[in-house]
Peer 1: 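What follows is a structure written as structure tokens; I'll ask about it next.
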Amino acid sequence: MEILVLHGPNLNLLGEREPEVYGRTSLAKIDARLREVAAEHGASVDTFQSNHEGALIDRIQAACGTYQGIIINPGGITHTSIALRDALTASELPIVEVHLSNIHARESFRRTSLVSDIAIGQVTGLGPIGYELALLALLDRLK
Ligand code: CA2
């Protein structure tokens, strides 16, 4: 089982800025933990962060045939990108959406996700462990 983990714009800043909102854990740590959890379940993850919508879409388009599912925190483009949504839909892969902060408890513009209704589920507001929960749920779904 191979899972693609995608991180959207600005998530490379994790652990460096706004720790009161996004915590102190770096993206490298989150990715390392996901690799551990995947290995414990006989699976593997590839991770990719980009600040560019097109680069994320290119990775999604290339995912077909290699990966069995996608975990994505699209960052700010969660709320804006029809192109990202279209790419995720076209992949026909099961998607789990993750957010570190609770997007329903912040500014009203964050409450709308263009991904949530095409995802099998959304994990929001649980911090870094949310990625692990997403991975476990996705692997369970793929069994
Ligand atoms: O809570 C999340 O995971 C978000 O996807 C994070 C996005 C935000 O636009 C979404 O509404 C919710 C922002 C990512 C920016 O990450 C930073 C991390 C550290 C410092 C500054 C930004």
Side-chain angles (χ1 to χ4, degrees), residues 1-41 43-64 66-142:
M1 213 70 86
E2 292 193 47
I3 306 299
L4 179 62
V5 179
L6 295 173
H7 307 287
N10 296 310
L11 286 160
N12 55 309
L13 298 176
L14 275 182
E16 293 172 26
R17 313 259 169 82
E18 297 185 58
E20 66 289 352
V21 183
Y22 298 114
R24 295 190 184 279
T25 308
S26 69
L27 198 59
K29 264 201 159 162
I30 289 173
D31 287 346
R33 181 65 191 138
L34 284 175
R35 279 191 286 275
E36 273 176 17
V37 173
E40 284 164 14
H41 290 80
S44 67
V45 297
D46 281 337
T47 63
F48 178 71
Q49 188 276 333
S50 181
N51 293 326
H52 304 277
E53 184 180 24
L56 293 162
I57 290 169
D58 285 345
R59 283 304 287 254
I60 293 164
Q61 287 189 5
C64 228
T66 304
Y67 301 100
Q68 284 73 55
I70 297 176
I71 293 170
I72 184 165
N73 180 347
I77 65 172
T78 303
H79 319 293
T80 59
S81 179
I82 295 168
L84 181 79
R85 174 200 170 90
D86 288 345
L88 290 168
T89 304
S91 77
E92 295 182 351
L93 292 170
I95 311 294
V96 182
E97 177 185 0
V98 176
H99 299 283
L100 293 155
S101 63
N102 182 351
I103 61 171
H104 304 290
R106 299 183 63 191
E107 302 97 325
S108 60
F109 60 80
R110 292 188 206 276
R111 278 184 213 138
T112 301
S113 163
L114 297 184
V115 173
S116 58
D117 65 309
I118 57 156
I120 60 172
Q122 181 192 65
V123 183
T124 187
L126 302 183
I129 202 172
Y131 285 94
E132 290 178 43
L133 299 173
L135 178 58
L136 293 176
L138 186 52
L139 293 176
D140 186 63
R141 182 63 69 97
L142 290 168

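Atoms within a ligand are numbered from 1 in the order they appear, just like the ligands themselves.
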Peer 1: Minimum heavy-atom separation for Gln49 and Leu11, please, with both atom names.
Peer 2: NE2-N, 4.0 Å

Peer 1: Going by the closest heavy atom to atom 17 (C) of ligand 1, which one wins out of Leu11, Asn10, Leu14, Asn12?
Peer 2: Asn10

Peer 1: Would you mind checking which non-hydrogen protein atom is closest to atom 1 (O) of ligand 1, with the distance to 0.1 Å?
Peer 2: Ser101 OG, 2.5 Å

Peer 1: Measure the shortest side-chain to side-chain distance between Asn51 and Pro9 over non-hydrogen atoms and say whether it is less than 4.5 angstrom.
Peer 2: yes

Peer 1: May I ask you to decide if Gly15's main-chain N or O and Thr25's side chain share a donor-acceptor pair within less than 3.5 Å?
Peer 2: no

Peer 1: Using non-hydrogen atoms of the residue, decide whether Thr78 is closer than 4.0 angstrom to ligand 1.
Peer 2: no

Peer 1: Got a donor-acceptor contact below 3.5 angstrom from the Ser101 side chain to the Val21 backbone?
Peer 2: no

Peer 1: So Tyr131 and Leu126, do their side chains get closer than 4.5 Å, heavy atoms only?
Peer 2: no

Peer 1: Return the orientation label for the His79 and Phe109 ring planes: parallel under 30°, perpendicular over 60°, tilted otherwise.
Peer 2: perpendicular

Peer 1: Under a 4.0 Å heavy-atom limit, does Leu100 contact ligand 1 with its side chain, its backbone, both, or neither?
Peer 2: both

Peer 1: How far is atom 8 (C) of ligand 1 from its nearest protein heavy atom, and which residue and atom name does that atom have?
Peer 2: Arg110 NH1, 3.3 Å

Peer 1: Specify the protein heavy atom at minimum distance from atom 21 (C) of ligand 1: its residue, its atom name, and the distance to 0.1 Å.
Peer 2: Glu18 OE2, 3.5 Å

Peer 1: Grab the two heavy atoms, one from Val98 and one from Pro74, that are nearest each other, plus how far apart they are.
Peer 2: O-CD, 4.4 Å

Peer 1: Under a 3.5 Å cutoff, is there a donor and acceptor pairing between the side chains of Glu97 and Ser113?
Peer 2: yes

Peer 1: At what distance is the nearest protein heavy atom to atom 20 (C) of ligand 1, and which residue and atom is it?
Peer 2: Arg17 O, 3.2 Å

Peer 1: What protein heavy atom sits nearest atom 6 (C) of ligand 1, and how far off is it?
Peer 2: Tyr22 CE2, 3.5 Å

Peer 1: Please work out, at 4.0 Å between heavy atoms, whether the side chain, the backbone, both, or neither of His79 comes within that distance of ligand 1.
Peer 2: side chain

Peer 1: Polar contacts were defined as any N/O atom of the residue lying under 3.5 Å from an N/O atom of the ligand; does this apply to His99 and ligand 1?
Peer 2: yes

Peer 1: In terms of atom number and element, which parts of ligand 1 are under 4.0 angstrom from non-hydrogen atoms of Leu13?
Peer 2: 19 (C), 20 (C)

